[in-house]
Amino acid sequence: METAEFTNQIKVQRAMKNITQEELAAKIGVTRKTINTIETGKFVPSTILAIRMARFFEIKVEELFILIEK
Amino acid sequence: METSLIEQLDKSRYDFMKWSTIGWTIWFGTYILTDFISTPEVPGFISWIRLLGWFLLIVSTIRFVKLKRELNWDNKMKEALDDELHLHNRIKSFQIGYFVVIGLTLLFFVLSLYTSIPAVIVTKLTLYFGVLAVLISKLIFNRA
């Protein structure tokens, strides 16, 4: 069975916008812990949260979250 | 929305969970301990420890209820605190508690084939470790 790798560009996008995890969390409506666990790949966000984050960064969801098929 | 306020409330909630866990461990743990101790001198000392545990549990529960009521006035803050990670962790914690209860029930069932165990002890131990499993796993999953 093929496995897939799921990564994200949240840290990069945050650096480009110069905002902290806490600030991003407040904008999105979650806690800083949630942003941290998503950023480090420990938690996969729901579709709604993923879209909210992509909208905030003004990029597409598939540019923010990347699924690499192995 | 205040950024630091959400984090402060999140930390407060974690503190409530921590003190509730300690309070439960002490309060109910002393009930179980007295079932196994028969000397008359020890229970007096344990009663004071039980009182401490009860006090910790009550204070943390009151603070938690107070926080919940304050949050009911602000839906956005409430949604931010009870976000999907928190709900996900809550479900995982209750799953762990469920399996601990099932495991203990199975253990006591097997033990009952070889010896008799008072029902009140079985009930207390199952309840104690079931709740404790939920509380401890919540603490672990929600740590910063």
Side-chain angles (χ1 to χ4, degrees), chain A, chain B residues 1-21 60 63-97 99 133-144:
Chain A
M1 192 169 77
E2 285 187 335
T3 56
E5 190 186 329
F6 186 70
T7 62
N8 63 75
Q9 298 291 303
I10 298 168
K11 196 169 184 178
V12 170
Q13 292 295 324
R14 278 199 306 109
M16 285 165 65
K17 282 208 176 243
N18 194 27
I19 61 166
T20 62
Q21 287 181 344
E22 201 171 308
E23 286 164 348
L24 175 61
K27 298 283 184 191
I28 303 296
V30 295
T31 60
R32 183 205 57 80
K33 235 180 287 180
T34 304
I35 299 296
N36 181 261
T37 52
I38 294 170
E39 201 172 290
T40 55
K42 289 175 189 165
F43 179 66
V44 178
S46 65
T47 310
I48 292 172
L49 185 54
I51 290 172
R52 275 191 193 150
M53 291 175 87
R55 276 186 188 165
F56 174 79
F57 289 121
E58 295 169 332
I59 58 174
K60 293 180 184 175
V61 173
E62 49 270 24
E63 286 172 12
L64 186 60
F65 296 97
I66 301 153
L67 184 69
I68 303 166
E69 302 282 359
K70 289 184 179 176
Chain B
M1 202 182 309
E2 283 279 348
T3 59
S4 60
L5 185 57
I6 299 170
E7 299 311 313
Q8 279 171 32
L9 291 171
D10 192 36
K11 189 184 178 307
S12 292
R13 183 171 57 186
Y14 183 82
D15 288 340
F16 300 159
M17 284 196 280
K18 183 175 70 180
W19 289 111
S20 295
T21 305
S60 61
R63 289 178 70 188
F64 178 73
V65 168
K66 194 172 165 244
L67 171 68
K68 277 277 187 187
R69 287 178 78 178
E70 282 172 11
L71 284 176
N72 280 337
W73 292 102
D74 190 334
N75 274 332
K76 277 199 170 180
M77 193 74 72
K78 190 180 169 189
E79 276 175 26
L81 272 183
D82 287 343
D83 62 12
E84 53 190 65
L85 177 67
H86 183 74
L87 295 176
H88 174 78
N89 289 338
R90 188 195 297 168
I91 290 169
K92 276 201 303 185
S93 300
F94 278 104
Q95 281 176 342
I96 288 170
F99 284 116
V134 173
L135 291 173
I136 289 175
S137 54
K138 266 191 168 188
L139 275 180
I140 292 169
F141 294 141
N142 284 292
R143 67 176 183 265

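Protein chains get the first letters and strands the later ones, always in sequence-line order, with residue 1 at the start of each.
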> Sort and list the pairs that fulfil salt bridge (Lys or Arg N to Asp or Glu O under 4.0 Å) and have at least one residue in residues 81-93 of chain B, not counting sequence neighbours.
B/R13-B/D82, B/K68-B/D82

> Using modelled atom types and a 3.5 Å cut-off, is there a donor and acceptor pairing between side-chain atoms of B/E7 and backbone atoms of A/R32?
yes

> Chain A heavy atoms under 4.5 Å from B/H86: which part of the residue, side chain, backbone, both or neither?
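Neither the backbone nor the side chain of B/H86 comes within 4.5 Å of chain A.
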
> Heavy atoms under 4.5 Å from chain B: which residues of residues 45-63 of chain A carry them?
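Heavy-atom contacts from residues 45-63 of chain A to chain B are A/P45, A/S46, A/L49.
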
> B/L85 pairs by side-chain contact (heavy atoms from CB on, under 4.5 Å) with which of A/T37, A/I35, A/V30?
A/T37

> Just checking B/F64: does its CZ atom have more than 12 heavy atoms from other residues, nucleotides or ligands closer to it than 6.0 angstrom?
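No, CZ of B/F64 has 12 or fewer neighbouring heavy atoms, counting only those of other groups under 6.0 Å.
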
